[in-house]
Amino acid sequence: DELRTAVKNREFSPELTLELRNLWKQFSSDPVCVRSSGTCEDLPDLSFAGQYETSLNITSFEAFTEAVRNCWASLFNTRVQEYFRQNHLPREKAGLALIVQQFLHADFAGVTFTVHPLTGRQNHLLMEYCAGGGEELVSGRVTPSTVVFDHATEKLVSGQLPEGMRPENLRDFRRLQVLFGNPQDVEWVLARGQFWIVQSRPVTRIKVDADFGTWTTADFRDGGVASSLVTPFMWSLYD
């Protein structure tokens, strides 16, 4: 509590105030959002998703500086500190960076997993979305629409795409997985006919359906499995 209060009440230095004002000017009259990005966040087997503060639709410099304070102060939230304790992470080394983005008034927003996290099927993409902004979705306040898409056949397995989403947008999700080298949890927005990727992080928990009957990279967490042929040396390790 003392640390949070100190962050929220301490005067910013003239240098930091100038830096924030110059950053604010880059967005002209567009509203912005301030998002927290912890230096220990999104590790291969851990995720701080939803732990830190995010401020959306900021329209004044005063609100902008207040959002910066609130995001930094959230490093010392009870839930964040408890997450560090449970996962044996060094809290004294934790920092909190900030990302400032243009705020989009979304027609639809959603989260897409490039590998189905409940079955482990690598050819299945799982998408959840809702009308409007994504804050309601990620906070669990609305029941999302659900889509399953097969990468291999490029056909919908179930559900219906939101209005305005095109087949090439679905291919973009797969490209992100290729780019980062592992299954991704992707946040996206459809706004005014345009498709925006706003965040991508590793999927840290994947279950494998016992009836699937096929080995996938979801079965292994050592980083040594690729989609190419397994060499005899690697096979001996897995065996």
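Quick note: residue numbers are just sequence positions, from 1.
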State which residues pass side chain to side chain donor-acceptor pair (under 3.5 Å) with [X]; sequence neighbours excluded, sorted by chain then number.
X	value
Gln101	Arg35
Asp172	Arg175
Asn22	none
Arg21	none

From [X] atom [atom1] to [Y] atom [atom2], the distance as rounded to the nearest 0.5 Å:
X	Y	atom1	atom2	answer
Phe61	Thr17	CZ	OG1	6.5 Å
Asp185	Leu176	CG	CG	11.0 Å
Thr54	Asn70	OG1	CG	11.0 Å
Ser37	Leu98	OG	CG	8.5 Å

Do you know the tightest heavy-atom contact between [X] and [Y]?
X	Y	result
Arg4	Thr78	NH1-N, 4.0 Å
Ser200	Val186	OG-CG2, 3.7 Å
Trp196	Ala191	NE1-O, 4.1 Å
Phe27	Leu23	CD1-O, 3.4 Å
Leu96	Cys71	CD2-O, 2.7 Å

Quiz item: side-chain contact (heavy atoms from CB on, under 4.5 Å) with Ala6: which residues, sequence neighbours excluded?
Solution: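 side-chain contact (heavy atoms from CB on, under 4.5 Å) check on Ala6 returns nothing, list empty.
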Exercise. State which residues pass side-chain contact (heavy atoms from CB on, under 4.5 Å) with Thr153; sequence neighbours excluded, sorted by chain then number.
Key: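 Result, side-chain contact (heavy atoms from CB on, under 4.5 Å) vs Thr153: Asp150, Lys155.
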Please list, one pair per line, the donor and acceptor atoms closer than 3.5 Å that link side chains of residues 156-169 to other protein atoms, with sequence neighbours excluded.
{"residue": "Arg166", "atom": "NE", "partner": "Glu168", "partner atom": "OE2", "Å": "3.0"}
{"residue": "Asn169", "atom": "OD1", "partner": "Arg166", "partner atom": "N", "Å": "2.8"}

Quick one: does [X]'s side chain get under 4.5 Å of [Y]'s, heavy atoms only?
X	Y	value
Phe103	Ile58	no
Leu170	Phe173	yes
Val100	Trp24	no

Quiz prompt | CD (Glu19) with more than 12 external heavy atoms under 6.0 Å | solution =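 Atom CD in Glu19 is not crowded, with 12 or fewer foreign heavy atoms closer than 6.0 Å.
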Self-check item: salt bridge (charged side-chain N to carboxylate O under 4.0 Å, His left out) partners for Arg69, two or more places apart
Solution: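 For Arg69, no residue satisfies salt bridge (charged side-chain N to carboxylate O under 4.0 Å, His left out) once neighbours in sequence are set aside.
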Quiz item: Glu154: what forms a salt bridge (charged side-chain N to carboxylate O under 4.0 Å, His left out) with it, not counting sequence neighbours?
Solution: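 Once residues adjacent in sequence are excluded, the partners of Glu154 under the salt bridge (charged side-chain N to carboxylate O under 4.0 Å, His left out) criterion are Arg171.
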Under 3.5 Å, which donor-acceptor pairs link side chains of residues 7-14 to any protein atom two or more places apart or in another chain?
{"residue": "Asn9", "atom": "ND2", "partner": "Thr5", "partner atom": "O", "Å": "3.3"}
{"residue": "Ser13", "atom": "OG", "partner": "Leu16", "partner atom": "N", "Å": "3.1"}

Quiz prompt | Within residues 51-65 or reaching into it, pairs that qualify as salt bridge (charged side-chain N to carboxylate O under 4.0 Å, His left out) - sequence neighbours excluded | solution =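 Listed by first then second residue: Glu53-Arg79.
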Find out if a path of hydrophobic residues (ILVMFWY) with successive side-chain heavy-atom gaps under 4.5 Å connects [X] to [Y].
X	Y	value
Phe233	Trp235	no
Leu20	Leu18	no
Ile99	Val198	no

In residues 104-116, what donor-acceptor pairs under 3.5 Å come from side-chain atoms, sequence neighbours left out?
{"residue": "Asp107", "atom": "OD2", "partner": "Arg192", "partner atom": "N", "Å": "3.0"}
{"residue": "Thr112", "atom": "OG1", "partner": "Trp188", "partner atom": "NE1", "Å": "2.9"}
{"residue": "Thr114", "atom": "OG1", "partner": "Gln177", "partner atom": "OE1", "Å": "2.5"}
{"residue": "Thr114", "atom": "OG1", "partner": "Gln184", "partner atom": "N", "Å": "2.8"}
{"residue": "His116", "atom": "ND1", "partner": "Leu118", "partner atom": "N", "Å": "3.2"}

Exercise. Anything under 30° is parallel, anything over 60° is perpendicular, the rest tilted; go ahead and classify His151 against Phe149.
Key: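 Taking Phe149 first and then His151, their aromatic rings stand perpendicular (interplane angle over 60°).
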